[in-house]
Peer 1: 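Have a look at this one.
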Amino acid sequence: MERENIFKGKKRIIVKVGSNTLTRDETGHLDLVRIEKMVRELCNLKNMGLDVCLVTSGAIAVGRQALGVTSKPTKMSRKQALAAIGQAHLMSIYQKIFSEYNQTTGQILMTKSTILDNVSRKNAENTFEELFSMNVIPIVNANDTISTYEINFGDNDTLSAVVCALTGADLLILLSDIDGLYSNNPREDETAELIPTVEEITDDIFKMASDSTGSDIGTGGMRSKLNAATIATKSGADMVIVNGRDMGIIHRIMDGDFTGTTFLSNFDEDFDLLDSLKDG
């Protein structure tokens, strides 16, 4: 199938944005111009009649900005406190900008236990469906305020793929600080080539991944994105990794004319989301 035809007919889209994409390189503070452009793109998807969900990182980064904390925290309780401060600030910013486009948003905070527990998982599914039916854009983040290593997703790449599977979405877009999957780490190898399409995620594909984020802001490297791609594609969705530095790439994805890596849906009826999280 030609790439320009892949995304026609999509009905429900999950968009994940990382901390590195939300913040400025010089200061680590929020890039409000980029955020405004992203919000405008997401509202335009809604105007096309699509269900849209935003999975966002950035709570701890915003908390650091609010308190003037310059170094990445390592103590769990400090991370949780910064997340509590930053999440409120972050949602306030999102709600303000979305409201300028007459778009209502709703906040959902999740941990791994939300999915592993049958009752909590069903409640989450019902909440998403009700929000979509009310034309609301859910804004999802990990509940870092209460989560510990054992109940955390580890990174929001995984969280976005879980949300994709949970909601039956047919496209997951990861807005990253890199153009996509390369044959080798492009920061270290000038000959590394961008892989435009991945039909199946194999061991050879995983060998191309780098765990490094190259930043003290983000938490997920390329390996976490491949883990997310495994969950999303086996759940029946296509996934793309693109560079979110230019938020106009969102509508170019829908036109099939963009630079990035597309992971084609490879639905596996034997894939068990709960088992994949228990193993992780």
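Residue numbers start at 1 and run along the sequence shown. Just so it is clear, the structure is predicted and the values come from calculations on it, not from any experiment.
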Peer 1: After noting the C-alpha distance and the side-chain angles of L30 and I93, does the key distance pass the side-chain contact (heavy atoms from CB on, under 4.5 Å) rule?
Peer 2: CA-CA 10 Å; L30 288 177; I93 291 168; 3.4 Å; yes

Peer 1: Between OG1 of T74 and NZ of K79, what distance do you get to the nearest 0.5 Å?
Peer 2: 7.0 Å

Peer 1: One thing to verify: whether D270 and K234 come together as a salt bridge, which I'm taking to mean a side-chain N less than 4.0 angstrom from a carboxylate O.
Peer 2: no

Peer 1: Show the numbers, then the answer: is there a side-chain contact (heavy atoms from CB on, under 4.5 Å) between L194 and T261?
Peer 2: CA-CA 8 Å; L194 180 68; T261 300; 3.8 Å; yes

Peer 1: Given the rule that I, L, V, M, F, W and Y join up when any side-chain heavy atoms are under 4.5 Å apart, are L109 and V17 in one cluster?
Peer 2: no

Peer 1: Passes salt bridge (Lys or Arg N to Asp or Glu O under 4.0 Å), R252 versus D257? Steps please.
Peer 2: CA-CA 5 Å; R252 293 199 297 275; D257 182 19; over 6 Å; no

Peer 1: Specify the closest pair of heavy atoms between P186 and Y182, including all atoms of both residues, with the distance to one decimal.
Peer 2: CG-CD1, 3.7 Å

Peer 1: Tell me whether the count of non-hydrogen atoms from other residues, nucleotides or ligands lying under 6.0 Å of CD in E190 goes above 12.
Peer 2: no

Peer 1: Rounded to the nearest 0.5 Å, how far apart are NZ of K122 and CD1 of I115?
Peer 2: 12.5 Å

Peer 1: Salt bridge between R12 and D170, side-chain N to carboxylate O under 4.0 Å?
Peer 2: no

Peer 1: Going from CG on L159 to CD1 on I108, what distance comes out if it is rounded to the nearest 0.5 angstrom?
Peer 2: 10.0 Å

Peer 1: Quick one: CD1 on I173 to CD1 on I249, what's the gap to the nearest 0.5 Å?
Peer 2: 9.0 Å

Peer 1: Do you know the tightest heavy-atom contact between P73 and R64?
Peer 2: CD-CD, 3.9 Å

Peer 1: Could you pull out all residues at least two apart from N123 that satisfy side-chain contact (heavy atoms from CB on, under 4.5 Å)?
Peer 2: V119

Peer 1: Does T21 offer a backbone N or O that forms a donor-acceptor pair with the side chain of R34 under 3.5 Å?
Peer 2: yes

Peer 1: Give a yes or no answer on whether the side chain of E199 reaches the backbone of F263 with a donor-acceptor pair at less than 3.5 Å.
Peer 2: no

Peer 1: Check whether S92 reaches the backbone of A88 with its side chain - one donor and one acceptor, N or O, closer than 3.5 Å.
Peer 2: no

Peer 1: Please determine whether side-chain contact (heavy atoms from CB on, under 4.5 Å) holds for the pair V55 and N141, giving the CA-CA distance in whole Å, both sets of side-chain angles, and the decisive distance to 0.1 Å.
Peer 2: CA-CA 6 Å; V55 177; N141 200 353; over 6 Å; no

Peer 1: Looking at T197 and T262, would you say the former's side chain and the latter's main chain have a donor-acceptor pair under 3.5 Å?
Peer 2: no

Peer 1: For the residue pair D204 and F206, establish whether any side-chain heavy-atom pair is separated by less than 4.5 Å.
Peer 2: no

Peer 1: Are M208 and I201 joined in one hydrophobic group, where the rule is that I, L, V, M, F, W and Y side chains link up if heavy atoms are under 4.5 Å apart?
Peer 2: yes

Peer 1: Hydrophobic side-chain clustering at under 4.5 Å (ILVMFWY, transitive links): who's grouped with L67? Put none if nobody.
Peer 2: I60, V69, L82, I85

Peer 1: Are any of the side-chain heavy atoms of V140 and M110 separated by less than 4.5 Å?
Peer 2: yes

Peer 1: Side chains of I13 and M254, heavy atoms from C-beta outward: is any pair under 4.5 Å?
Peer 2: yes

Peer 1: Taking all non-hydrogen atoms of both residues, which atom of S57 and which atom of K16 are closest, and how far apart?
Peer 2: OG-CE, 4.0 Å

Peer 1: Answer whether the closest heavy-atom distance between the side chains of V39 and E100 falls below 4.5 Å.
Peer 2: no

Peer 1: What heavy-atom pair brings L172 and A232 nearest, and what distance separates the two atoms?
Peer 2: CD2-CB, 4.0 Å

Peer 1: Which heavy-atom pair separates L54 from M38 by the least distance, and what is that distance?
Peer 2: CD2-CE, 4.0 Å

Peer 1: Are the side chains of L174 and S160 in touch, meaning some heavy atoms are under 4.5 Å apart?
Peer 2: yes

Peer 1: Set out, in order, the CA-CA distance, both residues' side-chain angles and the distance that settles side-chain hydrogen bond (donor to acceptor under 3.5 Å, both in side chains) for D189 and T191, then state yes or no.
Peer 2: CA-CA 5 Å; D189 182 358; T191 66; 2.6 Å; yes

Peer 1: Applying side-chain contact (heavy atoms from CB on, under 4.5 Å), run through L42 and F98 and close with a yes or a no.
Peer 2: CA-CA 9 Å; L42 297 183; F98 272 106; 4.0 Å; yes

Peer 1: Does a side chain donor of either E200 or N266 reach within less than 3.5 Å of an acceptor in the other side chain?
Peer 2: no

Peer 1: Start with the C-alpha distance between R223 and D157, add both sets of side-chain angles, then the distance that settles salt bridge (Lys or Arg N to Asp or Glu O under 4.0 Å), and finish with yes or no.
Peer 2: CA-CA 10 Å; R223 182 164 292 273; D157 294 326; over 6 Å; no

Peer 1: Any side-chain heavy atom of D117 within less than 4.5 Å of one from T114?
Peer 2: no

Peer 1: If you take all heavy atoms of I231 and V162, which pair is closest and at what distance?
Peer 2: CG2-N, 4.4 Å

Peer 1: Report all side-chain donor-acceptor pairs from residues 130-138 shorter than 3.5 Å, counting only partners two or more places apart or in another chain.
Peer 2:
residue : atom : partner : partner atom : Å
S133    : OG   : E129    : O            : 3.4
S133    : OG   : E130    : O            : 2.7

Peer 1: Does T233 reach the main-chain N or O of S265 with its side chain, forming a donor-acceptor pair under 3.5 Å?
Peer 2: no

Peer 1: Could you tell me whether R245 and D25 have a side-chain N and a carboxylate O separated by less than 4.0 Å?
Peer 2: yes

Peer 1: Assess whether atom NZ of K37 is packed by more than 12 heavy atoms of other residues, nucleotides or ligands within 6.0 Å.
Peer 2: no

Peer 1: Under 4.5 Å between any side-chain heavy atoms of R40 and N44, yes or no?
Peer 2: no

Peer 1: Evaluate T259 against D179 for side-chain hydrogen bond (donor to acceptor under 3.5 Å, both in side chains), listing each step before the verdict.
Peer 2: CA-CA 7 Å; T259 298; D179 288 338; over 6 Å; no

Peer 1: Would Y94 and T56 count as having a side-chain donor-acceptor pair, cut-off 3.5 Å?
Peer 2: yes

Peer 1: To the nearest 0.5 Å, what is the distance between CG (N20) and CD1 (I178)?
Peer 2: 11.0 Å

Peer 1: Check whether any side-chain heavy atom of L175 lies under 4.5 Å from a side-chain heavy atom of I250, and answer yes or no.
Peer 2: yes

Peer 1: Does a side chain donor of either Q107 or Q95 reach within less than 3.5 Å of an acceptor in the other side chain?
Peer 2: no

Peer 1: Please check: side-chain N/O of T230 versus main-chain N/O of L226, any donor-acceptor pairing under 3.5 Å?
Peer 2: yes

Peer 1: Which value, rounded to the nearest 0.5 Å, describes the distance between I97 atom CD1 and Q103 atom CD?
Peer 2: 13.5 Å

Peer 1: Do M239 and L273 belong together in a cluster built from hydrophobic side chains that touch within less than 4.5 Å?
Peer 2: yes

